[in-house]
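Heads up: the structure comes next, in structure tokens.
FYI, the numbering just counts along the sequence from 1. Ligands are counted one by one from 1 in listed order, and the atoms in each one are counted from 1 as well.
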Amino acid sequence: MSTQTDTRKKVTVRRLAEMKKSQEKIACLTAYDASFAQLLENSGVDIVLVGDSLGMVIQGEETTLPVSVDDMLYHTQCVAKGLDNALLITDMPFLSFTTVEEAVFNAGLFMKQGGAHMVKLEGGADQADTVSALNKNGIPVCAHLGLQPQYIHKIGGYRVQGREAGMADKMLADALILQAAGADLMILECVPESLASKITAALDIPVIGIGASVDCDGQILVLYDILDISFGLRPKFSKSFMSTSNSIENAIQQYVTAVKSGDFPSADHVFN
Ligand code: KIV
């Protein structure tokens, strides 16, 4: 529910595809409550993600693993109340999509009871059947490749993914498979700049980067990182917009302007 006179178009899957085609950058941020969601809406953010990062920044956990379906549903309901035009994505939390049936059931809750317009799930080609089932049931999907925080104990630390040629080729192949399965959007996290550019060019669907490349079709960061109120360390790929702003709203607007103009990310916020 925006307080400003609204002349913006609704951000839909179709609109995102047009933005990729016309090379209009897509500005995305996370949010977890209605008040911040309304600030993001009023600042022209295109996509708001209720990320399972809420486990870390809201709940103070060390990883995203403890976050439950109920947590995600509650925060999605809060955020939905603050939005008018931005597209709302809800993250599928750890172990909430271990079977196709479970994925469709939980994603259905986020759409029907939460007000989400899309769900996001971590994983490569092995999630193609799930993406396909969600797609067939009318649930738009954002895939998530590169650093996948739900796999933290398999990876053994938060580090750049896809530096080795084999891994890079696999990531590109996974991206194409997920697109063919029906994914509508892709997030690439902590991926070398050249690989992120290559994947963005190879896909028809929009690609959103976080620690990836300015060539991606859009950018996403964790809201609390840009506001400098993160619990724990702020990652290298993130940037505080608070130090150059006199208000939270202004910091969010500066972030949107920097993404739209291609000023963010600079070389300091990507990986070789
Ligand atoms: O959980 C989250 O907030 C995310 C973004 C950082 C992409 O997955």
Side-chain angles (χ1 to χ4, degrees), residues 16 26-33 36-37 40 45-69 71-76 78-79 86-97 107 110 114 116 118-124 127 141-152 155 158-161 175 178 183-191 196 199-200 206-213 216-227 229-240 252 255 259 264-265 269-271:
L16 294 175
I26 302 166
C28 320
L29 277 173
T30 66
Y32 317 97
D33 67 47
F36 273 122
L40 267 54
V45 171
D46 299 301
I47 295 178
V48 176
L49 168 69
V50 181
D52 62 356
S53 52
L54 73 83
M56 296 161 96
V57 298
I58 302 284
Q59 299 173 333
E61 301 284 357
E62 274 187 19
T63 71
T64 59
L65 306 195
V67 176
S68 69
V69 168
D71 294 335
M72 295 308 298
L73 182 57
Y74 170 73
H75 286 279
T76 301
C78 295
V79 168
L87 185 105
L88 172 55
I89 306 181
T90 299
D91 235 346
M92 302 289 293
F94 184 56
L95 299 185
S96 69
F97 50 104
F110 298 147
M118 185 180 283
V119 297
K120 172 168 91 58
L121 50 90
E122 296 180 14
Q127 293 299 343
V141 178
C142 174
H144 182 154
L145 292 175
L147 178 63
Q148 295 162 35
Q150 290 175 14
Y151 290 74
I152 187 65
I155 310 165
Y158 296 100
R159 57 171 63 95
V160 179
Q161 301 292 305
L178 290 164
D184 301 279
L185 194 68
M186 170 91 45
I187 285 182
L188 288 182
E189 178 167 356
C190 276
V191 172
I199 294 176
T200 304
V207 176
I208 309 298
I210 171 164
S213 169
C216 290
D217 302 304
Q219 304 296 327
I220 188 162
L221 287 177
V222 169
L223 175 66
Y224 288 19
D225 286 344
I226 74 160
L227 300 182
I229 50 172
S230 288
F231 190 82
L233 282 179
R234 195 177 63 233
K236 164 193 154 84
F237 57 71
S238 200
K239 177 178 172 180
S240 163
I252 296 167
Y255 166 77
V259 170
F264 181 82
H269 303 288
V270 295
F271 303 97

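Polar contact with ligand 1: absent for Glu189 (N/O pair, distance under 3.5 Å). At under 3.5 Å, not a single nitrogen or oxygen of Tyr32, backbone or side chain, sits near a nitrogen or oxygen of ligand 1.
Atom 2 (C) of ligand 1 has as its closest protein heavy atom Ser53 OG, 3.3 Å.
Between Val191 and Phe271, the closest side-chain pair of non-hydrogen atoms is not below 4.5 Å.
Counting heavy atoms closer than 4.0 Å to ligand 1, residue Thr30 contributes side-chain atoms (C-beta onward) but none from N, CA, C or O. Neither the backbone nor the side chain of Leu54 comes within 4.0 Å of ligand 1, counting heavy atoms alone. Counting heavy atoms closer than 4.0 Å to ligand 1, residue Leu221 contributes nothing at all. Looking at Thr64 against ligand 1, nothing comes within 4.0 Å, counting heavy atoms.
When each of Leu221, Ile210, Val222 is checked for a side-chain contact (heavy atoms from CB on, under 4.5 Å) with Ser238, only Leu221 meets the rule.
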Would you check, one step at a time, whether the test side-chain contact (heavy atoms from CB on, under 4.5 Å) holds for Val50 with Asp91? CA-CA 6 Å; Val50 181; Asp91 235 346; over 6 Å; no

Taking it one step at a time, do Val79 and Val48 satisfy side-chain contact (heavy atoms from CB on, under 4.5 Å)? CA-CA 8 Å; Val79 168; Val48 176; 3.8 Å; yes

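Close approach of ligand 1 to Ile210 (heavy-atom distance below 4.0 Å) involves ligand atoms 6 (C).
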